[in-house]
Amino acid sequence: KQEVTQIPAALSVPEGENLVLNCSFTDSAIYNLQWFRQDPGKGLTSLLLIQSSQREQTSGRLNASLDKSSGRSTLYIAASQPGDSATYLCAVIGSGGSNYKLTFGKGTLLTVNP
Amino acid sequence: DTGVSQDPRHKITKRGQNVTFRCDPISEHNRLYWYRQTLGQGPEFLTYFQNEAQLEKSRLLSDRFSAERPKGSFSTLEIQRTEQGDSAMYLCASSLYNEQFFGPGTRLTVL
């Protein structure tokens, strides 16, 4: 059974700092990996999707990397802003028969202080 | 391009009552998913539709839960005889290919 772990559970940084969020998964046979942002009491906003054949994806100040063999992904946020404060969720889709359902980690709660 | 919409956004009900939630996916998205999220946890998969066909139901979906997607458009999730343990955020997502797009969720509180 696929398990996704996110470390740290919470992170507080001053504005302007670069930061890295970590995600690990137990079964390296994944179809893709998706990073989401969730504001309190809200739904999920898709940030980046990395296909299993890709090593990284970039969008603005965000860069996500994927190392399938080690079962790890990182989300790098450059020049953090208070508006980046949210919970960041990592999710994977397995490459087996159920290659459509996301398995999520518990998330990292990020606070960016002005 | 409108996103995924869900209705209602909040629902408070008494234990034992039935509730129904609606999800409208992004137009032309043929895949639709329901997830449930409890406080401090990541969302958990409940069920998946491709067009109007329900292709998988999680074991989390007891026989009190039923989901439909008539005509492959909007979907409904019904919970019968609600229990306090059903209190959660119910999230709907849709996709055309790999990337799933989520709605704002319906927060259910069972008293």
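Reminder, nothing fancy here: chain letters follow the sequence lines and each chain counts from 1. Since the structure is predicted, the reported quantities are computational estimates derived from the model, not experimental observations.
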Heavy-atom side-chain proximity of Ile93(A) to Gln100(B) below 4.5 angstrom: yes
side-chain hydrogen bond (donor to acceptor under 3.5 Å, both in side chains) involving Gln6(B) - partner list, sequence neighbours excluded: none
Tyr31(A) OH: over 12 foreign heavy atoms closer than 6.0 Å: no
Phe104(A)-Ile30(A) co-clustered via ILVMFWY side chain contacts under 4.5 Å: no
Euclidean distance, Asn98(B) CG relative to Tyr100(A) OH, rounded to 0.5 Å: 14.0 Å
More than 12 heavy atoms from other groups under 6.0 Å of CD on Glu78(B): yes
Contacts with chain A made by residues 30-53 of chain B (heavy-atom distance under 4.5 Å), listed by residue number: Tyr33(B), Tyr35(B), Gln37(B), Gly40(B), Gln41(B), Gly42(B), Pro43(B), Phe45(B), Tyr48(B)
Residues of residues 40-52 of chain A within contact distance of chain B, non-hydrogen under 4.5 Å: Gly41(A), Lys42(A), Gly43(A), Leu44(A), Ser46(A), Leu49(A), Gln51(A)
Over 12 foreign heavy atoms within 6.0 Å of CZ, Arg64(B): yes
Within 6.0 Å of CZ in Arg61(A), more than 12 heavy atoms from elsewhere: yes
Common cluster, Tyr76(A)/Leu66(A), ILVMFWY with side-chain heavy-atom separation under 4.5 Å: no
Listed partners of Arg22(B) passing salt bridge (charged side-chain N to carboxylate O under 4.0 Å, His left out), at least two apart: Asp24(B)
hydrophobic_cluster_shared for Val110(B) and Leu60(B), side chain cutoff 4.5 Å: yes
Max heavy-atom pair count under 4.5 Å with chain B, selected residue of Leu89(A), Leu109(A), Leu102(A), Thr87(A): Leu102(A)
Leu110(A)-Leu62(A) co-clustered via ILVMFWY side chain contacts under 4.5 Å: yes
In one Ile/Leu/Val/Met/Phe/Trp/Tyr side-chain cluster, 4.5 Å: Ile77(A), Phe36(A): no
